[in-house]
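Below is one structure, written out as structure tokens; the observations come after it.
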Amino acid sequence: MIRIAASRLATSLIALLGAALFAFIALRVAPGDAARLVLGPFATDEAVQALRVKMGLDDPLPVQFWHYLTSFVSGDWGWSYSLGQSVRDLLGERFPATLELGLYAFLFALVAAVSLAVIGAFRRGLLSDGVPRALSVFALAVPQFWFGIVALIIGFEMLGLFPGPSGRLPPGVTAPAGPTGLYTIDALLAGDLATFATALHYLALPAITLGLLPFGFLLRLLRANLLDVAGEPFVLVARAQGQSHFRVFLRYVLPNAIIPTLMASGLILGQLLAGSVLVERVFNWPGAGSLVTQGLLQQDYSVVQTFILLSAFIYILANLFVDLLAAAIDPRIARGAGQ
Amino acid sequence: MLELDAITKVFRKRGPFGGGRSTVALDRISVRIGDGRTLGVIGESGSGKSTLARIALRMIAPDSGTVRFGGRDITRVSGKALRDFRRKVQPVFQDSAGALDPRMTIARILREPLMLRGDVPRAEWSKRITDILTAIDLSPALRDRYPRQLSGGQRQRIGIARALLMEPEILILDEPVSALDVSVQANVLNLLRDLQRDRGLSYLFIGHDLSIAEYFCDDILVLHNGVQKDFADAETLFRDPKDDYTRTLLAAMPRQL
Amino acid sequence: MTGLLDIRRLSVAFGPTRALSDIDLALEPGTRLGLVGESGSGKSTLGLAVLGLLPPDAACTGEVRFQGEPLPWSDDRAMTRVRGRRIGFIYQDPMAAFSPVHTIGTHITRALRAAHPGVGRREALDWSVALLEEVEINKPRERLDHYPNEYSGGMLQRVMIAAALVGDPDLLIADEPTTALDVTTQASVLGMLDRIVEARGMGFILISHDLGVVAEACREVAVMYGGKLIQRVALADLKAEAHPYTRALLEARPTFGKRGQRLSTIADFLPSDWFDDA
Amino acid sequence: MSIIRSVPVFLPLALLTVLAGAVVVGPLVWPIDPYTMDFAAILAPPGPGHWMGTDSVGRDVLARFLAGGRLSLSVGVIVMLGGLVPGAIIGVIAARAGGIVDMVLMRAMDSIAAFPPILLAMAVAIGLGGGLWTAVIGVIISTLPFFARLMRSEVLRIMSHRFVDAAESMGATPAFILLWHVSPHAASTMLVQCAAVFGYAIITLAGLGFVGLGAEVPTAEWGVMITEGMKYALTGQWWLTVFPGLGILVAVSAANLLADGLSATMGGRHA
């Protein structure tokens, strides 16, 4: 187990270095001027030249990479000229909004996918089989930002059931003060059920939109895994021992199908991070993702660069965590091939 | 004549930082295959019998010991010398479905050895394929079928035909009938006996079933965990087994009817 | 006395393919029957059909009476009370018969509590230990916490036998229980089955492709081919009364003393339109 | 070919063909130019004359839809081929070379795959200065790990089959085995992957267009059209956004369904 952990840790470190190197090459070494990228199109040439020196862009590449890496790891992520704030402060400020949105998107994806997959696996029929299949095809093929707009057209403009694209809370409502920065949780902690309900109402459409891709992905994966496991001999044997259909499904099929599904959590986190860039813009959600879109549109790339590399790091660490978790749960990994 | 002399092979399970366990698959095993005879190597799973087959085919090299073919040391040859040796020693595998490329018709599968030999004119290929199909009691009409459209016994015959098209001296039969139904087993064993008689082939027969080995082999080597337990001609081995393990195997055999 | 098992005109089809046609087979209590056939003969389908565990796309007609009453196939709840408690089942591939993420103890206690719903956790655990002892697993208490991949095939097969016995069934169906095992392991597993079946006096159906294996543990043989029951005969009379196909099976086996002779093939006993494989 | 006749392959393939036919032939039949502004008909709803309505400067949405479709589908093909060739080569080299070469190549692929694809494409597009073609290069790079990993595992899987052992015993060289045995098997798997990547490229480039990194305003591209239309989505002019989005949805669904259909149909032939 320790040996497996060590080897996974080593590969993760290599992947982290590789990702940083890739970002470095793409953003620094590529033909565009890195200092110009940071300062934007309106900076004077003198300012750009000064920054070139400060960033060490005239140093040898390995030295530059080393600085790039160390400053990134130490949290020195640069300065946003268009917003006049350090990137770290900006991201820190905006992060809770993205976290809250991502959390609910994930919850939606997980609950919807698991329940549909389970119904589909447990009961065969056109409705219980065709509907999940159609939904997963749709969810994997629909552009999320477009789905968000259409959801607004229908849910807000036509039916008036949901709030418009105006952020996390309506204008008059003050954000609940609390330790987490997640409005729903802070509101609950403060015992403010009205604000909780409002925040949830504002979350509904963005969360479903953001959760759509992970939902389709999870549903597809889980359905395939459930089908595979249901055909395993140990399911037949358990049935032959007099265990009921339902119990066998719950005790044998589900656990064996969940583990490979769990291994995809890293990918889902990536989908949520990348999706937040597109979806937050549609709903004017004041999170890190919309910060990225803003940066892109104003050609202020310092936030964008940080967000991109940060996502890769988060993805790698999430995968590491999932692998170790799986090793702890699954004896085949934990104890080697055995025998 | 293929001689394996004092062959040792150890498999190491490598951990990420070196170390790990190692298993001795073969421990100083010597065998000679030739003279139109059949040598049986019998053992249970993990005995090393399949490793021995792979070394005889020179698909892998031993850790120590020598492999000689026609007196020449070919233990570590590679490239052209290895390919020259290989066409003289051909394998027949247990899993007849896996041994044939599922995307190819029978004709295409049987064309492969002729292509690789390079000494048969293209114009003769079709006739050679028809001839070999007749020789193994299969209808030449099967040439346009795919392997999955054939029965297990038919597929195994195609595997044998492909090996024969190389005009080898030795066939390495790795559990050739273990996956077949009893009634089909007999057909394939009869065919192999006829081919041996007609073409002067020598066989290395790898198996786990002592009754088939007794019927089919001239000499039998009993392997257990990579160690030679017994070696004798088939009759002696069954009448008067030297080793306890051989006796255990004999006693464990299902009743003869 | 009513019979143990009475199969009447049982037919099973998967779409256009007929897996079983009009099988009639009756077993008295304590009968030990070997069900022999080659691949595709329908022998495994017959075993699963009795248990009501055929895949949902199987079309099944006919009737199976167990201890005088028809088996309630359409009522899965009722069948659940038959399986494990009155009919035990052993699967051919022990390596695939256990969920890889559950311990051996979990498997056994679950089987136990399915057969005896009232049993508590602690009691089930002690009982499991006793069962593992019965099938000769060393240090059973420690071994309960191990995962299937830490067991050998032979050990797993013995655990599966133990799990099939928890409900003290009146009939045990074993589908090729030793095919995946080595010869020496096969002998010990067959010996154990023989002793257990003898001691409990239960009915036993041993499904196998190998007449020799069946001869180790059964008194009667039923031979199947192409979904049909060819013949049923006492083991002692097998040679004397063998159907031509059964003769072919017997004679085609390479056995001691046939050295140097040509093996008989199925074509020597039966017209070629009778069988498909040449 | 018999594969094409199976329903799960035929239906999506037919859908894609109809879509491709429409965007290629459409402009010949539909007389309006996608870039001509008509200030007399600003934000006109769908109706005769403008079947999909007009946008805020009076351009015909149907004409832009067709032009955007042509762009999206061709870019999909370019990304597919652009990723397939180098990706497959990397995969073959890694599988055949093994050892340190394999390790380095696969760790490099891991590093690329660590970025969520659209963010990776963003990084490349920014680094190269922006615009549609830098975004295309970015998306191509993001597909490399898909192709390379799959090709590598395919080669290893096929090489582990007994029929390859048999070929080696007959004196086949590695090159012969790659050509004669591996490539027919790998080709079908890669075909499935290509269909999936085609859809992925369309949806990803539209996303990049949406945040201003792909095609640029005023190019008629589905993602850009949605961005431009977003301002009017909640003021009643739904047609500006809905039609291009439907185009993406149909194209990508068809590509994904084709991938599923191909893999299910050819699965039976796999070893």
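In what follows, chains are A, B, ... by sequence order, proteins preceding strands, each numbered from 1.
Ranked by non-hydrogen atom pairs under 4.5 Å with chain D, the options A/A20, A/G275, A/P143 are led by A/P143. Taking chain A as the reference chain and counting heavy-atom pairs below 4.5 Å, the highest number among D/N256, D/L234, D/T241 is found for D/L234. In terms of heavy-atom pairs under 4.5 angstrom with chain A, the leader among D/G236, D/G138, D/G212 is D/G236. Of the residues considered (A/A312, A/G18, A/G266), A/A312 shows the highest number of contacts with chain D, using heavy-atom pairs under 4.5 Å. Of the listed residues (D/L246, D/T235, D/L213, D/T204), the one with the most heavy-atom contacts under 4.5 Å to chain A is D/L246. Ranking D/P116, D/A114, D/A108 against chain A, the residue ahead of the rest is D/A114, based on heavy-atom pairs under 4.5 Å. The most heavy-atom pairs under 4.5 Å with chain A, out of D/G130, D/G245, D/A113, come from D/G245. Per-residue heavy-atom pair counts under 4.5 Å with chain A were compared for D/D110, D/I226, D/L120, and the maximum is reached by D/I226.
A 4.5 Å side-chain heavy-atom check between D/L249 and A/F138 finds at least one atom pair inside the cut-off. For the pair A/V142 and D/I203, the minimum side-chain heavy-atom distance is 4.5 Å or more. For the pair A/L278 and D/V211, the minimum side-chain heavy-atom distance is below 4.5 Å.
Looking at A/I153, both its backbone and its side chain come within 4.5 Å of chain D, counting heavy atoms on both sides. Contacts between D/A206 and chain A at a heavy-atom distance below 4.5 Å involve backbone atoms as well as side-chain atoms. For A/L309, the parts lying under 4.5 angstrom from a heavy atom of chain D are both the backbone and the side chain. Residue contact with chain A, scored on non-hydrogen atoms closer than 4.5 Å, involves the side chain of D/T227 exclusively. Residue A/F313 does not touch chain D at all, counting heavy-atom pairs closer than 4.5 Å. Residue D/I112 touches chain A through its side chain alone, counting heavy-atom pairs closer than 4.5 Å. Only the side chain of D/L257 has a heavy atom closer than 4.5 Å to any heavy atom of chain A.
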Apply side-chain contact (heavy atoms from CB on, under 4.5 Å) to the pair A/Y315 and D/F115, showing each step before the final yes or no. CA-CA 7 Å; A/Y315 171 84; D/F115 295 90; over 6 Å; no
For D/L119 and A/V277, run side-chain contact (heavy atoms from CB on, under 4.5 Å): C-alpha distance rounded to whole Å, both residues' side-chain angles, the deciding distance at 0.1 Å, then the answer. CA-CA 9 Å; D/L119 296 184; A/V277 173; 4.1 Å; yes
side-chain contact (heavy atoms from CB on, under 4.5 Å) between A/F22 and D/I141, worked out: CA-CA 11 Å; A/F22 184 85; D/I141 292 178; 3.8 Å; yes
For side-chain contact (heavy atoms from CB on, under 4.5 Å), just list the numbers for D/M106 and A/T11, CA-CA rounded to whole Å, side-chain angles, deciding distance to a tenth of an Å, and then say yes or no. CA-CA 11 Å; D/M106 284 303 113; A/T11 36; over 6 Å; no
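Here CD of A/Q271 is found 12.0 Å from CD1 of D/I118. Values are rounded to the nearest 0.5 Å. Note that the CD1 atom of A/I316 and the OG atom of D/S111 stand 6.5 Å from one another [nearest 0.5 Å]. Taken to the nearest 0.5 Å, the CE atom of D/M230 stands 15.0 Å off from the CH2 atom of A/W146. Atom-to-atom distance recorded for D/R107:CZ and A/L17:CG is 13.0 Å, nearest 0.5 angstrom.
Minimum heavy-atom separation, D/A233 to A/I149: CB-CG2, 3.5 Å. The two residues A/V137 and D/S253 come nearest to each other via the heavy atoms CG1-CB, 4.2 Å.
Other residues, nucleotides and ligands place no more than 12 heavy atoms under 6.0 Å from the CZ atom of A/R133. For CZ of A/R220, the number of neighbouring non-hydrogen atoms (other residues, nucleotides, ligands) closer than 6.0 Å is 12 at most. The environment of D/I100 atom CD1 is sparse: at most 12 non-hydrogen atoms of other residues, nucleotides or ligands sit within 6.0 angstrom.
Relative orientation of the D/F210 and A/F145 rings is parallel, given thresholds of 30° and 60° on the angle between their planes.
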